[in-house]
Number of protein chains: 2
Amino acid sequence: MSEKNASPAAGGPGRPTDEAKTEAILDAGRALMFAGRFANASMDQIADAAGVSKVTLYKRFGDKTGLTEAMIRGQAASMTAMIHAANRDAPTLRDQLRNFGVTLSAFLLSERFYHVDAMLTALRRDQPGATRRFFEAGPGTMRSELMAILGAAADREELAIDDIKLAAEDLLSLWRGFKEVELRFSARETLGSEELEAHVDHAIDVFFRAYRAQG
Amino acid sequence: MSEKNASPAAGGPGRPTDEAKTEAILDAGRALMFAGRFANASMDQIADAAGVSKVTLYKRFGDKTGLTEAMIRGQAASMTAMIHAANRDAPTLRDQLRNFGVTLSAFLLSERFYHVDAMLTALRRDQPGATRRFFEAGPGTMRSELMAILGAAADREELAIDDIKLAAEDLLSLWRGFKEVELRFSARETLGSEELEAHVDHAIDVFFRAYRAQG
DNA sequence: CAATTAGTGAACGTCAACGTTTAGTATTGT
DNA sequence: ACAATACTAAACGTTGACGTTCACTAATTG
């Protein structure tokens, strides 16, 4: 009555589960997601695209909501990694922020992000509150890492910041920017890399003017 | 072959169309939308909630996508009105911006907005590019109105602004803020009115420090 | 009254997707 | 060999919603 759950701990008799198939499913899901077709795709199509039987798909993920969650979870993990990678050392504070901002903005202003966001919206529609678990992995981590950078700068008295958290949120908002809105409405094309850098630099300019030491 | 289209120009014989029913449908749709249930609601349920036959519903809006579009269109119109109302005179620039920001942020940081956004996302999924038509009614108008305010302030040399458009986008981004992200992830409760005012004021503070005259 | 159009309620046909079952094959331990 | 488990392909039952049709009633013009 409880035997059918989770992994059979392996080692026992019987054919072992092929983990590669789990990956294949997630890969196929990601491909559909980034093509903006995941929400409309049937389980049959997903199984097909993954080269896997539908039964296997259901065995692994339970139902479509389960698969959706797993995919967002994977995306969240890769975002955390991305953010950590973005937060790398650089000669000056400005360079450090530039690194951070370019990586972040490149993601926020990409089609990729839009589709992840759309999936989150769909998930919330089916399971209100399910999205909360992904806050930490995404925006929460972003904010923490940026707070660390800004806190250090404040300690060095490079910046005059009262409330580090608020300041980090300000800079994040500027990086997200109005361009994200334009993209959401299909009111502009994706940014080229020069535009992106200009965008990030402008945000840093504004931020520095607002928070420079000795106001 | 072309007689069945549009309105029969009225005046002819026959029972006249009851415009109140059109409104009833839109009202019911709005109610469902703000309850976050529109996307899941069947046409039968909507017709039911509106106290109208399903046939009437189809006669007026064609299909569910048509109804969705009509509802967003209505929402866009009321947003335009709201923004105009928010842009009212006040003794000082700061007061004027506060009026604007509070009205805008109250909307952006409400459940209402989240659901409108979710509908836009759903619409874009079914008809890519359809959202573009709503950019002007929403964010576009916002930006224009704010640009007018900031432009005037720059002319009076109250602010030192190079690029009015960029500056307006900066302030809008700050008003939207990280709190919108937290709400999107259900990572915080809706703001109370004091919190809201504090949020708006903080954004204005940051903006003024970045764009004050005589830097 | 006759003609014409709007509206209703209920039933209908259709379809797409979900998730399950079945019968059989593949791969492993004992 | 044998038991146990993974996997597949195909078929199946079910549900839910879409959009339409039908027979009938309501309101309006001439």
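It should be emphasised that the depicted structure is a prediction, and the values quoted were computed from it without experimental measurement. Below, chain A is the first sequence line, B the second, and so on; all start at residue 1.
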Would Asp170(B) and His202(A) count as a side chain to side chain donor-acceptor pair (under 3.5 Å) here? Give the steps. CA-CA 10 Å; Asp170(B) 289 337; His202(A) 170 76; 2.6 Å; yes

What residues from residues 42-50 of chain A pass a heavy-atom cutoff of under 4.0 Å to DNA chain C?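 Close to the strand are Ser42(A), Met43(A).
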
Taking Thr56(B) for the side chain and Val52(B) for the main chain, is one N or O donor matched with an acceptor at less than 3.5 Å?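 Not at all, since once roles are kept as given, no pair shorter than 3.5 Å links the two residues.
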
What nucleotide among dG19(D), dC7(D), dT8(C) has an atom nearest to a side-chain atom of Thr17(A)?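 Within the option list, the nearest is dC7(D).
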
Can you figure out which of dT8(C), dA6(D), dA9(D) approaches the side chain of Val52(B) most closely?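 So the nucleotide nearest the side chain must be dT8(C).
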
Looking at [X] and [Y], does any basic side-chain N land under 4.0 Å from a carboxylate oxygen?
| X | Y | answer |
| --- | --- | --- |
| Arg143(B) | Glu136(B) | no |
| Glu69(B) | Arg133(B) | yes |
| Glu169(A) | Arg176(A) | no |
| Arg188(A) | Glu195(A) | yes |
| Arg184(A) | Glu111(A) | no |

Quick one: does NZ or CZ of Lys64(A) land under 6.0 Å from the six-membered ring centre of Tyr58(A), within 45 degrees of the ring axis?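 No - Lys64(A) does not lie over the ring of Tyr58(A) by the 6.0 Å and 45° rule.
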
Arg132(A) to Phe185(B) six-membered ring, cation-pi geometry met (6.0 Å, 45°):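 That pair does not qualify as a cation-pi contact.
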
Could you state the interatomic distance from CZ (Phe178(A)) to CG (Leu146(B)), rounded to the nearest 0.5 Å?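 Atom-to-atom, Phe178(A):CZ and Leu146(B):CG are 9.5 Å apart.
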
Please walk me through it: do Arg94(B) and Asp205(B) pass salt bridge (Lys or Arg N to Asp or Glu O under 4.0 Å)? CA-CA 9 Å; Arg94(B) 183 172 202 105; Asp205(B) 284 341; 2.3 Å; yes

Trace of the side-chain contact (heavy atoms from CB on, under 4.5 Å) decision for Tyr114(B) with Thr121(A): CA-CA 9 Å; Tyr114(B) 180 80; Thr121(A) 301; 3.9 Å; yes

Given that Thr65(A) and Ser53(B) both sit by DNA chain C, which one's nearest nucleotide is further toward the 5' end?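 In this pair, the answer is Ser53(B).
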
Would you mind reading off the distance between [X] atom [atom1] and [N] atom [atom2], rounded to a whole angstrom?
| X | N | atom1 | atom2 | value |
| --- | --- | --- | --- | --- |
| Lys59(A) | dT21(C) | NZ | C1' | 12 Å |
| Glu19(B) | dA6(C) | CD | P | 11 Å |
| Arg60(A) | dC7(D) | CZ | C1' | 9 Å |
| Leu67(B) | dA17(D) | CG | P | 15 Å |
| Leu32(B) | dA17(D) | CG | P | 13 Å |
| Asp18(B) | dA27(D) | CG | P | 10 Å |
| Leu57(A) | dA9(D) | CG | P | 13 Å |
| Ile25(B) | dT8(C) | CD1 | P | 8 Å |

Protein-nucleotides 28-30 of chain C N/O pairs closer than 3.5 Å?
| from | atom 1 | to | atom 2 | distance (Å) |
| --- | --- | --- | --- | --- |
| dT28(C) | O2 | Gly14(A) | N | 3.0 |

Given Watson-Crick or G-U pairs with both distances under 3.5 Å, what dot-bracket string fits DNA chain D, with | for other-strand pairs and [ ] for crossing? ||||||||||||||||||||||||||||||

For dC18(D), take OP1 and OP2 only and decide whether either is under 4.0 Å from a side-chain N or O of Lys64(B).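 For Lys64(B), the contact criterion (side-chain N or O under 4.0 Å from OP1 or OP2 of dC18(D)) is met.
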
Check this one for me: any side-chain N or O of Thr56(A) less than 4.0 Å away from OP1 or OP2 of dA6(D)?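 For dA6(D), neither OP1 nor OP2 has a side-chain N or O of Thr56(A) closer than 4.0 Å.
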
Could you tell me whether the side chain of Lys54(B) has a donor or acceptor atom within less than 3.5 Å of a complementary atom in the base of dG19(D)?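 Result: at least one qualifying N/O pair found.
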
